[in-house]
Structure formats: C-alpha cells, structure tokens
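Structure first, then comments.
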Amino acid sequence: MTHSFYSRENNRALSILGLNIIKTYIALRSLVQDIDVSLKDLNRRIIELSEVNSCALDGVQLGLEKVVRMSSKMNSTAPAVVCGAFRAIFGDITTDSGKADDAWNAGRRFFKIFVD
C-alpha cells in the first residue's frame, strides 16, 4: 500500500471509494437488522463506524500500519494513515473485481469477525 503523499502511485481515490462502500455496507446492514431504524440512528451508526479513529482501529486489527509505504518523515501508525489504508482495501476490491458486491462480501466477513 502506498500512502497518498508518497508518490503518484497512491490510494487516495481507492480510499474515497472504499469509504463510500463502507458507509453503504453499514447502512444496508443496519436496515436489514431494523427496517424501521430512524434516520438519526442510522446516521449516528454510519458516522460511528466510518470515522477516522474507528476506521484506524479496524486497520490496526489487520496490521495495515506495517504495510503502508510512505515517506520516512511520516508516521505509519497515525490514525488517518491507517484508516486511509483500510478504506483503500475496500476500494481496491471493488475496482479489481468490477463489482461493489465483492467489497460488500469482504465487508460482511470483516465486520462479522471484528465488529459484531
């Protein structure tokens, strides 16, 4: 994984795509659990699970801080760096397969293991 400040070969676009995949996954999962969930509760859950510190914890569980390639002047354990890498994985799964469903399935497995 290459941090976006390291080179042109970066994962910024994948991170943005991944963030949207994660938010969609959280929304759909919440609706499956409770079709009558309020908009307020749904938004709170999306924010809670997709914000940088929560996302960084998910990335640390996968050891992403150990594989991010970046400038030696930067800290690979910084929450924004680890979170960006975590989000980029979901974006990468989507672009590699051409299907958001594949990222959905990876998300379902990940969140079942680490969040539920």
Side-chain angles (χ1 to χ4, degrees):
M1 264 220 149
T2 304
H3 187 267
S4 61
F5 294 115
Y6 188 73
S7 72
R8 289 182 189 254
E9 175 197 332
N10 69 64
N11 293 309
R12 181 72 179 144
L14 293 175
S15 180
I16 292 168
L17 175 60
L19 172 60
N20 287 300
I21 296 289
I22 291 167
K23 286 181 175 182
T24 301
Y25 173 78
I26 294 166
L28 289 172
R29 185 170 146 230
S30 295
L31 289 168
V32 165
Q33 290 175 345
D34 179 7
I35 194 67
D36 296 320
V37 65
S38 72
L39 181 58
K40 179 181 175 182
D41 288 341
L42 181 59
N43 281 326
R44 181 191 50 75
R45 186 77 172 146
I46 290 169
I47 290 168
E48 175 186 314
L49 290 176
S50 64
E51 62 91 23
V52 171
N53 288 326
S54 175
C55 175
L57 289 174
D58 295 334
V60 167
Q61 288 178 314
L62 295 175
L64 295 181
E65 75 283 3
K66 297 172 188 167
V67 297
V68 175
R69 184 174 61 166
M70 57 192 308
S71 165
S72 61
K73 297 176 185 177
M74 297 184 72
N75 179 0
S76 67
T77 63
V81 172
V82 178
C83 179
F86 179 77
R87 291 172 177 170
I89 287 173
F90 288 91
D92 190 44
I93 291 168
T94 301
T95 56
D96 282 353
S97 71
K99 297 183 276 186
D101 286 348
D102 289 342
W104 163 270
N105 289 329
R108 185 173 59 206
R109 285 190 292 278
F110 176 82
F111 285 102
K112 182 174 180 64
I113 294 167
F114 291 110
V115 177
D116 289 340

### Query
If Ile, Leu, Val, Met, Phe, Trp and Tyr residues are connected whenever their side-chain heavy atoms lie under 4.5 Å apart, and connections chain through other members, are Tyr25 and Leu28 in the same group?
yes
### Message
Side-chain heavy atoms nearer than 4.5 Å, only ILVMFWY residues, links allowed to pass through others: does that put Leu62 and Leu17 together?
### Response
yes
If you round to the nearest 0.5 Å, how far is [atom2] of [Y] from [atom1] of [X]?
X	Y	atom1	atom2	answer
Asn53	Glu48	CG	CD	12.5 Å
Ile46	Ile22	CD1	CD1	12.0 Å
Ile89	Ile21	CD1	CD1	13.5 Å
Ile26	Leu49	CD1	CG	4.5 Å
Lys40	Arg45	NZ	CZ	16.0 Å
Asp34	Arg29	CG	CZ	13.0 Å

Search all heavy atoms of [X] against all heavy atoms of [Y] and return the closest pair with its distance.
X	Y	answer
Leu19	Ser50	CD1-CB, 4.0 Å
Val82	Ala56	CG1-O, 3.4 Å
Ser30	Leu42	CB-CD1, 3.6 Å
Ser15	Arg87	O-CB, 3.4 Å
Glu65	Val60	OE1-CA, 3.5 Å
Phe86	Cys55	CD2-SG, 3.6 Å

#### Entry: Sole candidate of Ile35, Leu39, Asp41 that passes side chain to side chain contact (heavy atoms under 4.5 Å, CB included) when paired with Val37
Asp41
### Message
For the backbone of Asp92 and the side chain of Thr95, can you confirm whether one donor and one acceptor N or O come within less than 3.5 Å of each other?
### Response
yes
